[in-house]
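Values below: all heavy atoms of this structure, side chains included; hydrogens, waters and symmetry mates excluded. For clarity, every value in this text was computed on a predicted model and none was experimentally measured.
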Amino acid sequence: MTAHLAKIALTEMQAELRDQAMKFCGEKSPVSKVRALLEDERGYDEAVWAEMAELGWLGIAIPEDQGGLGLELADVVPIAEAMGKHLMNSPYASTTLAAQAILHGGSDAQKAEWLPKLSSGTVATVALFEPSGAWELDAVTGETKTFVLNLNAAEIVVTTVKHDGQTRLALIPRDTIEARRETIIDETKRSYRFDVPEIDAIWLMPAELTSAALDRIELVANLLQAAELSGAAMACVDYTVDYLKTRKQFGKVIGAFQALKHPTVDAFMGAEGARSLLYAAATHVERQGEGEIAVRMANAKAGGALSYAADRSIQFHGGFGFTYDCDAQLYRRVAMFAASQFGDAAFHRARLAELLL
Amino acid sequence: MISVEDFAAQADAWFAEHTPRGVPFMLPLTFMEVGTDEQFDFLRDWQNQVYRAGYLGAHWPTDYGGGGLTQKHQDAATRVMRKYNVPIMLNAIGIGWAGPLILDTGTEDEKRKYLPGILSADDIWCQGFSEPDNGSDLGNAQLKAVRDGDEYVLNGSKTWTTQGNYAKYMILLARTDFDAPNKYAGLSFFLAPMRIPGVETTKIRKLTGEYGFTQTFFTDARIPADTLMGQEGEGWKVAMRTLEYERGARGGQAGGYTISQTDPLEVVGLAKRATRNGQPALEDPVMRDRLMAQMIEGQAMMANRERAKIMPLVMERPFALPMLSKLQFTEYARETGELALELEGAQSGYYVGEAGSREDGYWQRSYLNAFSATIGGGTSQIQRNIVGEHVLGLPKTR
């Protein structure tokens with residue numbers, strides 16, 4: 001069927017980025033920091049964000065003549081994976097999504113104005129979802145936007161709007177928006193809702209590029225999400241295994257009980273499969289049609305892998321697992337929120353069935 | 001030396017011409033399902049043809065009957081075999097684990113004596129590890145081997161001996177010391193001849209209704225002492241090494257394949273032909289979802305295999321992917337069979353030989369047979385213990 005889609009290529013650049021990102025996120029995002037930021041209005045550390053910009057991470061998939069590094073989309077994967085592994089919130093995904101939308105759907109003037117800024121650390125986001133709950137990005141009324149991540153920190157918002165009866169993309173300046181923060185399941189993230197203001201015609205992105213830009217947003221969003229979830233799944237397994245190795249009950253370290261050991265191995269197997277599919281997706285993401293297949297497979301697999309690993313982690317931590325203090329809930333919430341964005345696993349499988357069956 | 005590309009092209013041409021088609025009886029999907037003499041004779045002849053053409057053991061040394069090429073050459077030939085979906089290689093235990101073991105650790109005499117016959121399928125090998133009372137608890141083997149001059153005298157029984165009724169040799173784990181400090185220290189490993197007085201096999205009828213395994217009884221059977229592999233008392237070490245071949249965690253296999261891989265596309269094909277509620281099963285949304293989930297799993301296994309080759313991407317746990325592979329592939333095959341039966345809807349109730357069945361009960365038989373691999377070679381539950389303990393570092397289950 002799709003045997004060649006299982007092939008994985010790893011460039012030296014990606015291997016270096018992965019080492020760098022894992023180290024960086026590990027240092028900057030210990031779980032104590034993650035928990036401290038849960039209470040923070042902004043939800044991330046601006047100084048750390050500035051460091052990321054300095055490392056060049058924001059310009060990776062932006063062409064050199066637009067102020068970026070001119071690398072590939074595949075090269076953002078190791079970074080998103082590392083962030084997921086360390087539960088590190090930042091506007092990385094939302095800014096990358098906005099940049100890709102502008103790159104593939106913006107006018108020359110919009111590209112020239114925004115891409116260099118986004119490469120160097122200006123925060124942006126995308127506003128795509130409406131209260132109807134539809135995951136189809138072109139199903140918009142253009143009245144109210146929800147699940148807009150990092151809106152408070154963003155200077156610009158790539159928004160789907162209804163213009164002359166058509167779905168269009170627009171770059172809405174943050175200062176024209178009145179928003180309220182939403183309470184969402186993943187407390188590491190910051191989500192907002194706003195009523196779409198009257199659209200100034202100069203904000204609109206070219207109509208003929210709308211469809212391509214929406215496709216690009218969906219592809220990139222699913223790839224970044226697969227990376228985040230895959231990283232988190234492996235971390236969640238590690239976290240669970242550490243506990244199973246130390247906690248004693250009935251005179252035994254509980255990891256010796258098969259009832260706990262076997263599902264943990266299954267969780268590990270899921271996380272390994274998710275990792276492999278993630279790298280396969282990174283390898284194929286830019287290939288027409290095949291990129292979508294590989295990315296949806298990776299996302300569907302990663303969502304399931306993290307959900308299972310985190311669900312079992314809560315259970316295996318017993319009474320402690322039911323407390324807010326146990327990190328297992330942090331992982332579970334990441335997976336729950338991800339499933340609400342850009343389609344859950346069943347949605348991706350339905351799309352895949354259309355593409356493959 | 002011929003280039004890998006040229007070798008692959010030659011193999012492609014050869015298999016295109018020589019792959020048997022229209023075989024008038026059902027061929028086994030795995031080496032564990034060889035239940036009739038008709039199947040056995042056919043597959044022995046087929047393996048021999050492939051070997052003589054140079055596509056099995058291509059990378060084994062010429063001194064021992066191999067082709068003297070490289071692993072890459074053999075892998076290329078094996079890929080061609082998959083491409084043409086050729087019949088399986090019969091002598092699985094020989095080419096897959098006894099052979100590599102002898103090649104790696106055997107004496108010069110052992111290599112010359114045993115290896116050529118393994119490749120040609122003249123000498124069929126079987127494995128004497130499991131016992132009637134000790135399936136997955138291999139370390140508890142009780143078959144007794146008592147040294148008597150230049151011979152060992154064997155008494156006891158081994159079971160689930162695949163192709164035991166056809167085998168000339170057995171890799172045998174036996175107890176030479178009942179007073180050893182622990183159960184593992186008393187074990188020894190033999191390359192035991194099978195066609196000698198005191199060795200009898202009885203066929204075991206499987207859940208499918210067919211045959212393929214035997215139970216082997218040893219009653220004062222005398223084997224030469226020099227059939228001991230390694231040192232007396234070190235059998236556990238040798239057996240563990242053998243299991244690494246069996247589980248695919250160590251290379252050196254002669255090549256080819258011994259279990260046909262379940263291709264998810266076959267199930268898609270079935271979904272197109274089968275009907276549920278008067279419609280093609282492929283249009284049933286639940287079935288579509290199940291199919292996609294299964295295809296994603298299949299794709300993940302293939303991607304695992306690719307990632308295993310890329311060191312920076314497996315650094316954290318270098319042996320994890322190979323150690324998971326037996327568990328994954330065997331469970332996947334079983335689940336695929338189960339899904340196929342669901343797709344068949346009302347027709348899933350028929351069995352082999354019934355005119356109303358789909359593909360003559362192929363999936364019914366295939367699903368039931370799939371358990372041989374999730375149980376044999378260490379059950380999936382044992383595999384989870386192994387991965388949990390050796391990869392994740394969880395404490396031992398005792």
Side-chain angles (χ1 to χ4, degrees), chain A residues 1-3 5-10 12 14-16 18-19 234 237-238 240-241 244-245 252-258 260-266 268-270 272-281 283 293-294 296-298 300-301 304-305 345-346 348-354 356-357, chain B residues 79 82 263-266 268 271-272 280 282-283 285 287-317 320-321 323-325 327-328 331 380-389 391-398:
Chain A
M1 74 170 163
T2 42
L5 285 184
K7 293 266 186 288
I8 293 168
L10 180 79
E12 261 176 51
Q14 284 157 15
E16 275 173 34
R18 190 166 189 279
D19 286 349
M234 203 48 92
V237 171
D238 290 341
T240 313
V241 165
L244 296 185
K245 280 183 197 172
K252 266 189 193 179
V253 178
I254 60 174
F257 293 111
Q258 289 183 335
L260 280 68
K261 181 181 283 178
H262 289 188
T264 303
V265 170
D266 289 342
F268 173 64
M269 192 155 63
E272 286 281 18
R275 256 189 93 178
S276 297
L277 283 181
L278 170 66
Y279 302 144
T283 303
I293 293 171
R296 286 195 194 278
M297 281 193 172
K301 175 73 182 167
H348 293 303
R349 288 195 296 267
R351 284 297 162 88
L352 284 165
E354 286 166 23
L356 287 169
L357 298 182
Chain B
R79 276 197 294 277
R82 287 215 183 278
D263 180 354
L265 265 196
E266 286 179 48
V268 175
K272 286 177 181 158
L282 193 65
E283 286 169 26
M287 286 300 145
R288 289 170 75 81
D289 189 66
R290 300 258 286 111
L291 269 171
M292 277 327 309
Q294 192 66 4
M295 284 171 85
I296 292 171
E297 286 307 307
Q299 196 73 15
M301 291 194 307
M302 285 196 277
N304 279 345
R305 205 151 53 180
E306 295 295 323
R307 176 157 70 93
K309 300 175 198 160
I310 305 173
M311 200 40 74
L313 296 181
V314 291
M315 264 176 353
E316 294 92 338
R317 296 181 172 106
L321 295 175
M323 287 183 94
L324 280 170
S325 70
L327 172 61
Q328 283 189 299
E331 287 292 332
S380 295
Q381 288 63 41
I382 290 290
Q383 300 300 323
R384 287 188 176 90
N385 283 351
I386 292 170
V387 173
E389 289 157 21
V391 177
L392 299 180
L394 292 170
K396 274 187 175 291
T397 296
R398 282 282 168 264

Inset, instruction - Please flag which part of B:Leu313 lies under 4.5 Å from any non-hydrogen atom of chain A: side chain, backbone, both or neither. - result: both

Inset, instruction - Sort out for me which of B:Gln381, B:Lys272, B:Met301, B:Lys396 touches chain A most, counting heavy-atom pairs under 4.5 Å. - result: B:Gln381

Legend entry - Separation between CE of B:Met302 and CG of A:Leu277, rounded to the nearest 0.5 Å: 9.5 Å

Legend entry - B:Met295, B:Glu283, B:Met287 screened by side-chain contact (heavy atoms from CB on, under 4.5 Å) with A:Leu357, the one that passes: B:Met295

Inset, instruction - Could you pull out all residues at least two apart from B:Asp289 that satisfy side-chain hydrogen bond (donor to acceptor under 3.5 Å, both in side chains)? - result: A:Arg349

Inset, instruction - Go through A:Val253, A:Leu260, A:Thr283, A:Asp266 and name the one with the most non-hydrogen pairs under 4.5 angstrom from chain B. - result: A:Asp266

Inset, instruction - Apply side-chain hydrogen bond (donor to acceptor under 3.5 Å, both in side chains) to B:Arg307 and list each qualifying residue two or more places apart in sequence or on a separate chain. - result: A:Glu272, A:Ser276

Legend entry - Donor-acceptor contact below 3.5 Å, side chain A:Lys301 vs main chain B:Ala293: no

Legend entry - Distance, nearest 0.5 Å, that separates CD1 of A:Ile8 from CD of B:Glu306: 6.5 Å

Inset, instruction - Heavy-atom distances under 4.5 Å only: say whether B:Gln383 touches chain A with side chain, backbone, both or neither. - result: neither

Inset, instruction - Report the option among A:Ala346, A:Ala345, A:Gly273, A:Ala300 that has the most heavy-atom pairs separated by less than 4.5 Å from atoms of chain B. - result: A:Gly273

Inset, instruction - Supply the atom-to-atom distance B:Arg317 CZ to A:Phe268 CZ, rounded to the nearest 0.5 angstrom. - result: 4.5 Å

Legend entry - Heavy-atom pair count under 4.5 Å with chain B, highest-scoring of A:Gln14, A:Arg275, A:His348: A:Arg275

Inset, instruction - Count the heavy-atom pairs under 4.5 Å between each of B:Ala303, B:Ala320, B:Ala271 and chain A, then report the option with the highest count. - result: B:Ala303

Legend entry - Any donor-acceptor pair under 3.5 Å from A:Lys252 side chain to B:Thr397 backbone: no

Inset, instruction - Take A:Leu244 and B:Leu392 through the side-chain contact (heavy atoms from CB on, under 4.5 Å) test and state the conclusion after the steps. - result: CA-CA 10 Å; A:Leu244 296 185; B:Leu392 299 180; over 6 Å; no

Legend entry - Interatomic distance, B:Leu321 atom CG to A:Met269 atom CE [nearest 0.5 angstrom]: 11.5 Å

Inset, instruction - Sort A:Ala353 into side chain, backbone, both or neither according to what part of it lies under 4.5 angstrom from a heavy atom of chain B. - result: both

Legend entry - Nearest-0.5 Å distance that lies between atom CG in B:Asn385 and atom NZ in A:Lys261: 5.0 Å

Inset, instruction - Give, for atom CG of A:Leu352 and atom CD1 of B:Ile296, the distance between the pair rounded to the nearest 0.5 Å. - result: 5.5 Å

Legend entry - Pair A:Arg18 + B:Glu316, salt bridge at N-O below 4.0 Å: yes

Inset, instruction - Counting only heavy atoms closer than 4.5 Å, note whether B:Ile310 contacts chain A via side chain, backbone, both or neither. - result: side chain

